[in-house]
Structures are given as structure tokens and as C-alpha cells.
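Here the structure is laid out as C-alpha cells; the discussion comes afterwards.
Here the structure is a predicted model, which is why all the values come from computation and not from measurement.
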Amino acid sequence: MQFFNIPALLPQFYPSMLYWFFSAIIFNLLYGSAYLLLFSRLSHIHFRWWYFIIAGFLYAFAISLVGNLLAIVLMLIIIYYLIIHRRISFNIIGTQYIYANFILLITFGCVGSLITTLCNVVVKVPDYNFVYYILGTPKIIVSFLVAYGIIVATEKLFARYTDVVAIQYPILAWIINLLMLTFLFYMYRVNGGGHPAKLPVTIAVTVGYGVVALLAIKAFTNYYHYKALAVSLQDEVDNLQYYTSHIEEMYDELRHFRHDYKNILYSLTGSLENNDVAEAKKVLNQVITPSEKTVTQKESVLGQLKNVLNLDIKSLLYNKVLSALEDNLKVMVEISEPVKFTNTVAPLDLIRILSNLMDNAIKAAKQSKDKKVSVALFVKNHQQWIVIGNSTREKALNLQQLSNNHSNLESSHGLGLKNLQMILARYPQVQHEVSSNNYWLEQSIIIPQK
């Protein structure tokens with residue numbers, strides 16, 4: 001099997017300069033560019049013009065099976081290291097790029113075979129060189145347009161597949177990626193390395209590959225999506241139970257405090273009537289101050305969270321804040337005005353974002369000297385703000401290393417930022433700001449209101 005097809009770029013190996021120009025130059029540039037354009041649509045990554053030339057050069061060797069696989073690998077390496085600089089998970093990039101390759105290959109397999117057959121029937125071109133070298137250009141153009149339509153039609157499904165499967169179950173995603181790559185074996189082995197079998201067989205196998213792949217993607221996406229939804233709903237129920245149980249505890253505490261308060265008033269009245277100031281002070285110090293502290297701590301949290309109008313968000317924050325208080329952290333909650341989150345961000349994703357931020361803030365604060373966590377929710381300039389901060393062990397964190405997940409993760413924020421970026425990648429309108437200075441890290445999620 002050929003590793004490289006060097007004659008693909010040399011004019012002397014073509015019947016004429018015209019065939020060389022259309023096949024070696026035009027077709028390869030279009031072929032490589034088509035993959036990048038489809039991948040760009042899926043990933044929302046934009047490429048400079050010279051990357052299309054690089055892709056055209058690499059895919060010039062894709063006439064062989066190994067050459068095609070090597071072109072895919074090299075393009076993934078170029079994208080991952082030179083274009084996105086490892087800011088996005090390789091699992092996501094690989095899944096998107098292989099899917100774009102697969103969609104173009106199956107459309108080229110169907111559309112290309114149809115165009116070749118129609119050309120032979122309608123025009124009756126006897127020259128095989130014309131069909132092989134010249135006809136490739138219109139075939140790749142039409143195939144790209146059809147593939148682009150499929151990408152647009154399946155974009156939402158594939159975005160959810162990336163989030164639900166590729167991020168959380170990478171091994172499964174790569175198994176599906178390898179299954180899509182097996183279509184290359186059909187193209188180069190079963191299909192005769194560029195010499196198609198009969199049209200019905202070619203189209204049936206090609207369409208079958210595409211349908212099976214899309215059904216597998218949809219089935220796994222739905223299964224893991226509903227599984228995650230069930231877990232999230234159970235967490236919401238647990239948070240609500242935790243929230244309501246603490247409200248009941250506070251009610252009992254307040255009821256007991258009210259009962260004790262009446263008795264204390266009688267004691268104080270008696271002490272003051274007898275001018276026994278020392279006894280009155282003793283009652284205040286031993287009874288009122290500890291009781292007031294017990295009630296006030298939880299009451300202050302509930303007093304702020306009453307302004308959160310989303311019950312699931314309210315119960316989640318209450319759970320996390322009380323967890324931080326139980327860990328002896330100093331918690332500051334500031335929600336001075338009513339806040340109701342819209343559906344700009346899906347409720348499940350918003351829960352994941354808040355849970356991620358709070359868990360990492362609490363974990364990092366426990367390792368710091370000051371042991372502080374702050375939570376603020378507010379609306380400003382038609383934008384909803386979520387601001388969560390925590391004290392850090394280091395004076396200033398390297399935010400680039402943290403987001404790339406290359407640094408020591410003892411501060412806990414590296415993996416947290418990475419996961420957060422994966423969720424927010426689906427919401428380009430949502431801003432994420434991070435700052436670290438003077439032993440304090442603060443993250444802001446800015447969500448535009450609809």
C-alpha cells in the first residue's frame with residue numbers, strides 16, 4: 001500500500017498540464033478546504049487562508065488509505081497545537097474533525113458516483129482521464145454543498161453529543177470516531193481504491209454508513225442526556241429537601257428562642273426591678289448572645305437567598321453555602337435585589353456552572369489561609385451577573401495554565417475552569433471573566449437577558 005502518492009503533485013505524471021492543474025491544484029485545494037470549512041462550522045473556529053493551502057497539500061496524498069489517515073492526524077495536530085493552542089480538549093476537536101471528514105466522505109461517495117454516472121449517460125464521455133481528473137472539481141463542490149447542509153441540519157444534535165458524550169465519555173466517543181473512520185476502508189479496499197462498484201451498491205453502503213453513524217450518535221446522546229437529567233433532577237430534589245429541612249430547623253430554633261425570650265424578659269424584669277445589674281448582664285451574656293448567634297448565621301443566608309426567584313438555584317446555593325459554613329469558612333452572600341435567571345442558558349447547564357464554581361471555590365478556600373468564599377448575584381445593564389470569589393493559597397494564580405489544565409491542580413481551579421469552558425463553549429453570548437490577585441480569585445459569569 002502506498003504511504004505517499006508523490007505523483008499526485010508532479011505535472012509529468014499527468015496526461016496534460018490541464019489535467020494536472022485541475023486535479024493536483026484545484027481539486028486538492030478544494031478537497032482540503034472543504035474539510036476545514038465543515039469543521040469550522042461545527043467548532044466555530046476560523047482559519048486564516050494559508051491553513052487551507054496546508055490542508056490542500058496534505059490531502060493531495062489522500063489518494064491512499066494511509067495517506068488519508070495521515071492527513072487527518074496531521075491536520076488535527078496542526079489545529080490542536082498551532083491554532084487553538086490546546087485551549088480546547090483534544091477529544092472535542094478530534095470528534096468534530098472526524099465527523100466533518102465522515103460527512104464529506106459519504107456525500108462524496110454518493111454524489112460523486114451519481115455525477116460520474118450521469119456524466120457518462122448524458123454526455124457519454126469516452127475519455128476516462130476526463131472523468132478522473134476534470135470531473136473531480138464539480139464533484140467536490142456539489143458534495144461539499146450537500147455535506148454543509150447535513151452539518152447545518154445536525155449541528156444542534158452534534159453539539160449536544162459533544163457535550164454529553166465526547167466530554168463526559170471520551171472512550172465511547174473515540175469508539176464511534178473509529179467506526180466512522182472505517183468508512184475509509186470501504187472506499188479504498190472494498191470499493192477498489194477509487195474505482196466504484198455498481199451505483200446502487202455504492203449508494204446503499206454509503207448511505208447505510210451515514211444512517212448508522214447518525215442513529216448511534218442520536219441514541220447515545222439521548223441516553224446519556226436523560227441519564228444526566230435524571231441525576232440533576234435527583235440532585236435538585238435532594239437540595240430542596242435539604243433547604244426545606246433547614247427552614248424547619250430554623251423555625252424550631254426561632255420558636256424555642258421566642259419561648260426562651262419571654263422567660264428571659266421576665267428574668268430581666270425581675271433583675272432590673274431589684275436593681276441587680278450584674279444578674280441582668282449575666283442573663284444577656286449567657287443566654288441571649290449565643291442564641292442570637294445561632295439563629296443569625298442561617299438567617300443571614302436565607303435572608304439573601306430569598307431574592308433568588310429560581311427555586312432550584314436557591315436550594316443549590318443554600319446547600320453549598322451551608323456546606324461551606326460547616327467547613328468553618330467565612331461566607332459572604334450578596335443578593336440585594338430579586339434575580340430570576342432566564343433560559344439564555346439551559347437550566348441544567350446553569351446548575352452545572354454554579355455547582356462547578358461553588359465546589360471549586362470551597363475546595364480552594366479550605367486550602368487557603370483566609371478561608372473566605374463570596375457569592376454575589378445581581379442584574380446590571382440588562383445582564384445577569386454571577387460573581388463567585390474565594391481566597392487562595394497562592395498570591396496570584398496563572399490563569400492560562402489553569403484553563404489549559406497543565407498546572408498543579410492542588411488549588412482545584414484547573415480542572416474546574418476546563419470543565420466550565422466546555423459548558424460555556426455552547427453559549428458564545430455568555431462572558432466568563434477570571435481574575436486573580438492578592439490571594440483572591442474571582443470568576444464572573446455574565447449572561448445577557450433575553
Side-chain angles (χ1 to χ4, degrees), residues 1-39 51-72 74-75 100-151 183-199 201-203 205-207 209-210:
M1 181 182 298
Q2 286 179 305
F3 189 76
F4 275 139
N5 188 44
I6 298 298
L9 293 174
L10 302 178
Q12 59 265 35
F13 290 95
Y14 289 82
S16 69
M17 290 297 294
L18 179 64
Y19 291 156
W20 171 79
F21 178 75
F22 272 95
S23 184
I25 304 300
I26 301 299
F27 176 79
N28 287 327
L29 282 175
L30 291 174
Y31 195 65
S33 298
Y35 288 117
L36 280 189
L37 288 171
L38 294 176
F39 171 73
Y51 287 108
F52 293 95
I53 296 178
I54 293 173
F57 175 80
L58 291 177
Y59 277 98
F61 306 108
I63 195 170
S64 68
L65 174 60
V66 177
N68 206 322
L69 290 172
L70 194 59
I72 293 173
L74 290 176
M75 283 305 304
N101 270 259
F102 177 71
I103 294 299
L104 184 60
L105 285 174
I106 62 173
T107 54
F108 191 73
C110 288
V111 175
S113 299
L114 282 171
I115 290 177
T116 301
T117 302
L118 289 174
C119 185
N120 286 327
V121 172
V122 177
V123 183
K124 296 182 179 179
V125 179
D127 187 359
Y128 174 77
N129 288 330
F130 176 84
V131 174
Y132 190 79
Y133 295 116
I134 303 297
L135 206 57
T137 298
K139 284 162 63 174
I140 191 61
I141 292 174
V142 176
S143 299
F144 166 75
L145 294 175
V146 176
Y148 192 85
I150 296 174
I151 291 292
F183 183 70
L184 290 170
F185 288 88
Y186 171 75
M187 288 182 61
Y188 292 103
R189 288 296 185 90
V190 179
N191 208 21
H195 299 282
K198 292 182 179 180
L199 183 62
V201 176
T202 300
I203 292 180
V205 174
T206 304
V207 172
Y209 256 100

Q. Does any non-hydrogen side-chain atom of F57 lie less than 4.5 Å from one of L29?
A. no
Q) How about I72 and Y59: do any of their side-chain heavy atoms sit closer than 4.5 Å? A) yes
(Q) L30 vs F52, test: side-chain contact (heavy atoms from CB on, under 4.5 Å). Steps then yes/no. (A) CA-CA 9 Å; L30 291 174; F52 293 95; over 6 Å; no
Q: Tell me, please, which residues at least two apart from L114 pass side chain to side chain contact (heavy atoms under 4.5 Å, CB included).
A: L199, I203
Q | With Y35 via side-chain hydrogen bond (donor to acceptor under 3.5 Å, both in side chains) - residues at least two apart | A | Y31
To the nearest 0.5 Å, how far apart are [atom1] in [X] and [atom2] in [Y]?
{"X": "I115", "Y": "F108", "atom1": "CD1", "atom2": "CZ", "value": "8.5 Å"}
{"X": "N68", "Y": "L184", "atom1": "CG", "atom2": "CG", "value": "5.0 Å"}
{"X": "C110", "Y": "L105", "atom1": "SG", "atom2": "CG", "value": "11.0 Å"}
{"X": "I151", "Y": "L37", "atom1": "CD1", "atom2": "CG", "value": "11.5 Å"}
{"X": "L69", "Y": "N101", "atom1": "CG", "atom2": "CG", "value": "10.0 Å"}

Using distance only, find each side-chain donor-acceptor pair of residues 140-149 under 3.5 Å and give its atom names and separation, not counting sequence neighbours.
unit_1	atom_1	unit_2	atom_2	d
S143	OG	K139	O	2.6
Y148	OH	R41	NH1	3.3

Q.
On a heavy-atom basis, which atom in A100 and which in F39 lie closest, and how many Å separate them?
A. CB-N, 3.8 Å
**Q.** Partner residues of Y209 under the ring pair (Phe, Tyr, Trp, His ring centres under 6.0 Å) criterion, sequence neighbours left out
**A.** F183
